[in-house]
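Have a look at the structure below before the remarks.
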Amino acid sequence: MTLIPPSAPPAWRELLGREYLGAAIVLAGGVLVGAVNIYLAASLLPTAVADLGGASFYSWNMTVYLVAMVIATMLTGRFLSRWGNVVAYLLGFATFTAGSLACAASPAMAVLLASRGVQGLGAGLLSGLGFAVIRMALPARLWTRGAALMSAMYGVGNFAGPALGGLFAQFGSWRLAFAAMAVVAAVCGAIVPRVLPHSERSNARVPIPAMSLLLVTASAGAVSVAGVVAGTLTKAAGIAVALLLVAGFVAHERRSELRVFPRTTYQRGSSLKWVYLTLGLLAFGVAAESFLPLFGQRLAGLPPLVAGFFAAAISLGWSLTQIGSSSVTGHRAVRRLRVLGPVLLVAGLLVQGLLQREDTPIWLVLVWVPVLFVAGAGIGLAYPHLSVAAMSSTRDPQEGGRAAAAIATVTSLSIAFGTAVAGVLVNLSGGSMLDSARYVLFGLAIICAIGALTAHAANRAIRTDPVDRVPLRQGS
């Protein structure tokens, strides 16, 4: 299978045609159920707490789920090597289904928390598999389309999760919402053996990078805790600890034979580190969505449901823009999109910050929507091409699968980091909602601006990537 995409983009109807439709449903469905459940539970929890009690553990539902997701995405390569595509996917869907059913039947908050952890493990595995199996389930000419579809599922999930959760909560049926997700996962799992190609399985015992796993899990836990504890200094300390743990993770990976990320990530001149950093900084900006409903309600007086849909404009821009972006294959145009993506994201966040007002008039609220759409469009322009750059970074199938699976790890961890940082920025205002909104939007914009620099570095490294000691030309 060639690593060089064709000059002319294949039509979407080829990916969604008879030959590849089943594989596309499984790949996209796995990412989607995990993404939906990030925000589905947030909408359901008030109703669940009224039923089960345990209000003091309210925020831990998100923390447990996200940390479990990060852990599972890091183990995707091991599952693929040991069990192959089909069995790994069946395990992912089975774990997610079991966790969802356990959530639906939970008699107490402690059981719900544990069940959310099981859900997160299944969701993380499915997210990692979604990107890793593209290399084997689809021909190289469809990688960009497939990556765009996987990436779009995060945006769709961010949009659909709160809406579905709010709908079920409106009728007091929070248990039914989890049961419905279990049914969706079970249906997707049932078609896996018929639509996915069987990859080779290794009977060799695959070692687990325990230290790397411990460090990044501790980092994810620290940043998740930082997002839920009270006090600006406490939040900042949590983020500082998380950053130190990430630094320790990178230092350990550079010298260890057992890694989470491909060995090429740490080689001099490799594009992978810049690709992952750019992907992470794009995902970092999505954290604004966690607080935009709050700003919409407090500054513009929007009803909760309207504020939630308004905040999803970033995800909508992310998802829709990828449809057009994935059609671009020219080398020069793709390089420009990788840099333009972070620039648009930053511009959207900055303009949105400038537009914040006390008692915002309705005409200005209507301006917010296209501005946020542009911010999300920045993610959609660059994300699929960066994903394919990661997948195309090596000719080694095992390393390539690990490089692809790491996309989900970077995305999940970055969203968790971004949410925690945004939580710290909110608390800097001293109680002023207007200042909170500006601090969050301007702060995230400044951090995401680094993505334009890392994207430029990635473009330079991709031109002659020494990963396999041969030039790698990438149209996307």
Side-chain angles (χ1 to χ4, degrees), residues 38 62-77 120 124 127-128 131 208-229 232-268 270-287 290 342 386 390 402-425 443-444 446-451 453-455 457-458:
I38 293 177
M62 182 74 77
T63 300
V64 169
Y65 185 82
L66 287 175
V67 171
M69 276 193 74
V70 172
I71 294 171
T73 58
M74 293 170 60
L75 296 174
T76 300
S127 296
F131 287 96
I208 294 176
M211 182 55 69
S212 292
L213 189 63
L214 177 63
L215 286 168
V216 81
T217 300
S219 174
V223 75
S224 296
V225 170
V228 300
V229 296
T232 302
L233 290 179
T234 308
K235 287 178 178 288
I239 293 174
V241 169
L243 290 174
L244 289 174
L245 289 167
V246 168
F249 166 79
V250 172
H252 173 75
E253 288 254 306
R254 287 177 66 90
R255 63 176 183 268
S256 175
E257 291 299 319
L258 296 178
R259 304 178 183 87
V260 172
F261 289 98
R263 58 181 172 78
T264 52
T265 308
Y266 307 102
Q267 291 182 353
R268 181 181 295 274
S270 169
S271 63
L272 261 181
K273 58 179 173 292
W274 302 116
V275 169
Y276 287 146
L277 281 170
T278 309
L279 283 167
L281 288 163
L282 287 171
F284 199 93
V286 179
S290 298
L386 290 163
R402 188 178 298 173
I407 296 169
T409 302
V410 170
T411 301
S412 300
L413 195 56
S414 295
I415 292 175
F417 262 96
T419 302
V421 169
V424 172
L425 294 172
L444 292 180
I446 291 170
I447 295 170
C448 293
I450 302 170
L453 302 178
T454 59

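Position 1 is the first residue of the sequence; numbering continues from there. We use all heavy atoms of the structure for the numbers below, so side chains are in, but hydrogens, waters and symmetry mates are not.
- A donor-acceptor pair under 3.5 Å is absent between the side-chain atoms of Ser270 and the main chain of Tyr266, judged by distance alone.
- Put simply, the side chain of Thr409 does not reach to within 4.5 Å of the side chain of Thr76, judged on heavy atoms.
- In this structure, the side chains of Met211 and Ser256 stay at 4.5 Å or more apart for every pair of heavy atoms.
- Smallest separation of non-hydrogen atoms from Tyr276 and Ala390: CE2-CB, 4.2 Å.
- How far CD1 of Ile450 is from CG of Leu277: 9.5 Å, rounded to the nearest 0.5 Å.
- Of the candidates Leu281, Thr278, Leu453, Pro342 forms a side-chain contact (heavy atoms from CB on, under 4.5 Å) with just one, namely Thr278.
- Here Lys273 contributes atom NZ and Thr264 contributes atom OG1; the two are 9.5 Å apart, rounded to the nearest 0.5 Å.
- Between Phe261 and Phe249, the ring planes are perpendicular. Angles over 60° get that label, and only those under 30° would be called parallel.
- Side-chain atoms of His252 and Ser212, non-hydrogen and from C-beta on, do get closer than 4.5 Å to each other.
- Distance alone, capped at 3.5 Å, places no donor-acceptor pair between the Thr419 side chain and the Ala287 backbone.
- Between Val424 and Ile239, the closest side-chain pair of non-hydrogen atoms falls below 4.5 Å.
- Within the 3.5 Å criterion, the main-chain N or O of Leu214 finds no donor-acceptor partner in the side chain of Thr217.
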Under the side chain to side chain contact (heavy atoms under 4.5 Å, CB included) criterion, do Phe417 and Leu243 qualify, and how do the steps go?
CA-CA 9 Å; Phe417 262 96; Leu243 290 174; 3.9 Å; yes
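- Taking CG of Leu425 as the reference point, atom CG of Leu444 lies at 6.5 Å (rounded to 0.5 Å).
- Side chain of Ser219 to backbone of Leu215: no donor-acceptor contact under 3.5 angstrom is found.
- In this structure, Leu282 and Cys448 have side chains that are not in contact, with every pair of non-hydrogen atoms separated by 4.5 Å or more.
- Residues Pro262 and Leu272 form a side-chain contact, since some pair of their non-hydrogen atoms from C-beta on lies under 4.5 Å apart.
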Val260 vs Val216, test: side chain to side chain contact (heavy atoms under 4.5 Å, CB included). Steps then yes/no.
CA-CA 10 Å; Val260 172; Val216 81; 5.6 Å; no
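- Judged by distance alone, with hydrogens and angles left aside, the side-chain atoms of Thr73 form a donor-acceptor pair with the main-chain N or O of Val70 at under 3.5 Å.
- Across all non-hydrogen atoms, the minimal contact from Gly120 to Ala72 is O-CB, 4.4 Å.
- Closest non-hydrogen pair, Arg254 versus Arg259, comes out as O-NH2, 4.4 Å.
- Across all their heavy atoms, Ser414 and Ala283 have their closest contact at CB-CB, 3.9 Å.
- Rounded to the nearest 0.5 angstrom, Phe284 CZ and Thr411 OG1 are separated by 13.5 Å.
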